[in-house]
Amino acid sequence: MGLWRGIVLLLAFMIIGRGEGQLVENFYRSSCPNVESIVQQAVSTKFSQTFTTIPATLRLFFHDCFVEGCDASIMISSPNNDAEKDAPDNISLAGDGFDTVIKAKQAVEQACPGKVSCADILAIAARDVVVLAGGPSFNVELGRRDGLISQASLVAGNLPEPTFNLNQLKTIFAKNNLSQNDMIALSGAHTVGFSHCSRFSNRLYSFSSSSPVDPSLNPTYAQQLEAGCPQNVDPSIAVDLDPVTPRAFDNVYYQNLVAGKGLLTSDQVLYTDPTSQPTIVDFANNPGDFNGAFTAAMRKLGRVGVKTGKDGQIRTDCTAFNS
Ligand code: HEM
Ligand SMILES: *[C@@H]1O[C@H](CO)[C@@H](O)[C@H](O)[C@H]1NC(C)=O
Ligand SMILES: CC(=O)N[C@H]1CO[C@H](CO)[C@@H](O)[C@@H]1O
């Protein structure tokens with residue numbers, strides 16, 4: 001029955017072929033069964049030293065995925081300062097995110113040398129920091145390989161700017177297979193962490209000729225921001241992205257937007273634009289809707305541009321390509 005054998009073989013190839021290139025939750029079941037608890041332990045040790053672990057790791061994951069895919073390309077250190085992390089758009093990625101991944105990788109290498117990619121460790125750590133800040137847990141798909149390219153010149157144009165309007169935000173997320181709903185849910189990451197004054201000071205001092213202060217800013221909040229960010233302030237000064245519950249991973253970020261307390265233009269526009277406003281109101285009123293949308297969107301973010309199978313490599317040191 002050559003024909004049947006052919007059909008069976010064809011079906012088998014189709015199934016295997018489809019499986020290739022996809023992530024799975026239990027990827028390290030036999031090669032490193034405790035990887036998730038080892039990473040979790042390293043992340044919570046780092047968190048006990050500094051809260052910045054949380055926003056820094058979450059943002060690092062986002063920036064990694066949007067440039068060359070979720071492949072730990074952002075972790076590479078270049079002696080010439082021309083790797084992805086050196087681009088001006090890395091906008092002060094806090095060192096604590098890098099340190100979290102490096103520490104977790106060292107712990108994982110002790111248990112299972114050469115098995116687990118830095119890209120997967122960053123994806124697990126990003127989930128763990130959300131949980132440590134009181135946010136929702138979710139299963140992380142694994143099987144990413146580490147990328148072989150990391151160039152500062154590839155960053156420009158691939159990350160959203162804080163001055164973006166809704167269409168610009170939608171476009172850059174759509175390029176990464178993420179919907180408007182995903183984009184709104186992932187913006188909820190701004191429930192923790194800081195922004196430097198320069199990223200939004202146009203909203204306080206030079207919004208338009210008729211109104212120096214952005215009229216979509218809550219006036220009391222605008223005064224608070226002017227106090228924290230006076231003109232010509234030291235460029236190292238930063239303020240909380242969520243002025244109400246800056247250390248909790250919760251839906252208060254969306255309640256802030258309804259109250260005119262979105263820090264960046266790209267935050268506040270999600271409420272002022274009528275096409276996204278209903279989602280903001282929903283997430284502000286229903287934490288369960290936000291948690292569900294956020295966890296689904298984090299899993300989708302984790303699939304962006306991944307290398308699997310024989311592509312890429314498993315780095316030994318997350319900050320350097322294997323020699
Ligand atoms: C929607 C478009 C987005 C824009 C325009 C944007 C822009 C920014 C800007 C300008 C900052 C301040 C950086 C600084 O001054 O140091 C920031 C911080 C941050 N962003 Fe975003 N972001 C976006 C989406 C995201 C997403 C999707 C995530 C993660 C899922 C994320 C996570 C964070 C975190 C956690 C911080 C705080 C970092 C820290 O305190 O170290 N952002 N973002
Ligand atoms: C988006 O999805 C398509 C179809 O699954 C895939 O071919 C493409 O590589 C994805 N793009 C990114 C940036 O992940
Ligand atoms: C964490 C990190 O590597 N930050 C770099 C971002 O890019 C600037 C140059 O634009 C570097 O000075 C920082 O060290």
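Note that ligands are numbered from 1 as they come in the structure, with each ligand's atoms numbered from 1 the same way.
- No cation-pi contact links R299 to F138, judged by a cut-off of 6.0 Å to the six-membered ring centre and 45° from its axis.
- The shortest side-chain heavy-atom distance between S78 and D86 falls under the 4.5 Å cut-off.
- Residue-level proximity to ligand 1 for S266 is carried by the side chain, the only part with a heavy atom below 4.0 angstrom.
- Annotation for ligand 1: atoms under 4.0 Å from non-hydrogen atoms of P55 are 35 (C), 37 (C), 38 (C), 39 (C), 40 (O).
- Ligand 1 is never approached by F200 to a heavy-atom distance shorter than 4.0 Å.
- Which parts of ligand 1 touch E161 is read off a 4.0 Å heavy-atom cut-off, strictly below it: atoms 5 (C).
- Close contacts of ligand 1 with S187, meaning ligand atoms under 4.0 Å from a residue heavy atom, involve 1 (C).
- Side chain of Q268 to backbone of L257: a donor-acceptor contact under 3.5 angstrom is found.
- In terms of polar-atom proximity, defined here as any N/O pair under 3.5 Å, R199 makes no such contact with ligand 1.
- Ligand 1 places these atoms under 4.0 Å from at least one heavy atom of G193: 37 (C), 40 (O).
- T53 and D96 share no donor-acceptor pair across their side chains, judged by distance under 3.5 Å alone.
- The distance from ligand 2 to the heavy atoms of K175 drops below 4.0 Å at these ligand atoms: 13 (C).
- Under 4.0 angstrom from ligand 1, the non-hydrogen atoms of L169 all belong to its side chain.
- Residue nearest to atom 4 (C) of ligand 1, selected from A238, P246, P160, A189: P160 (by heavy-atom distance).
- Annotation for ligand 1: atoms under 4.0 Å from non-hydrogen atoms of L264 are 7 (C), 8 (C), 9 (C), 10 (C).
- At a cut-off of 3.5 Å, with distance as the only test, a side-chain donor of D242 or T245 sits close to an acceptor on the other residue.
- Those atoms of ligand 1 that come under 4.0 Å of a heavy atom in P162, given as number and element, are 5 (C), 10 (C).
- From the protein, the heavy atom lying nearest to atom 14 (O) of ligand 2 is G305 N, 3.0 Å.
- Residue-level proximity to ligand 1 for T52 is absent, since no heavy atom of it falls below 4.0 angstrom.
- Proximity to V304 (heavy-atom distance under 4.0 Å) selects the following atoms of ligand 2: 13 (C), 14 (O).
- The contact set between ligand 1 and L241, taken as ligand atoms under 4.0 Å from a residue heavy atom, comprises 18 (C), 19 (C), 36 (C), 37 (C).
- Considering backbone and side-chain N/O atoms, F194 comes within less than 3.5 Å of an N/O atom of ligand 1.
- Distance check on atom 9 (O) of ligand 2: every protein heavy atom falls at or beyond the 4.0 Å cut-off.
- Closest approach of L178 and D182 over heavy atoms only: CA-OD2, 3.5 Å.
- The residue from N256, D240, D267 that alone fulfils the side-chain hydrogen bond (donor to acceptor under 3.5 Å, both in side chains) condition with H190 is D267.
- Looking at F62, F249, F51, F61 and measuring to atom 26 (C) of ligand 1, the nearest heavy atom belongs to F62.
- Salt-bridge formation is not detected for the pair D71/R145: no Lys NZ or Arg NE/NH1/NH2 atom is positioned less than 4.0 Å from an Asp or Glu carboxylate oxygen.
- Residues F283 and F294 place their aromatic rings such that the two centres sit no closer than 6.0 Å.
- You'll find the ring centres of Y254 and Y271 outside the 6.0 Å limit.
- A salt bridge does not link K115 to E109: none of the charged nitrogens lies less than 4.0 Å from a carboxylate oxygen.
- Within a 4.0 Å radius of atom 5 (O) of ligand 2, the protein contributes no non-hydrogen atoms.
- For the pairing with E84, the side-chain contact (heavy atoms from CB on, under 4.5 Å) check across I74, N158, L154 returns one residue only, I74.
- In terms of protein heavy-atom proximity, atom 12 (C) of ligand 2 is nearest to N177 ND2, 3.5 Å.
- Heavy atoms of F173 found under 4.0 angstrom from ligand 1 belong exclusively to the side chain.
- Taking both residues in full, the closest heavy atoms of S117 and Y28 are given as N-OH, 3.3 Å, listed atom of the first, atom of the second, then distance.
- Between the side chains of S206 and N202, no donor-acceptor pair is found at a separation under 3.5 Å.
- Residue-level proximity to ligand 1 for H190 is carried by the side chain, the only part with a heavy atom below 4.0 angstrom.
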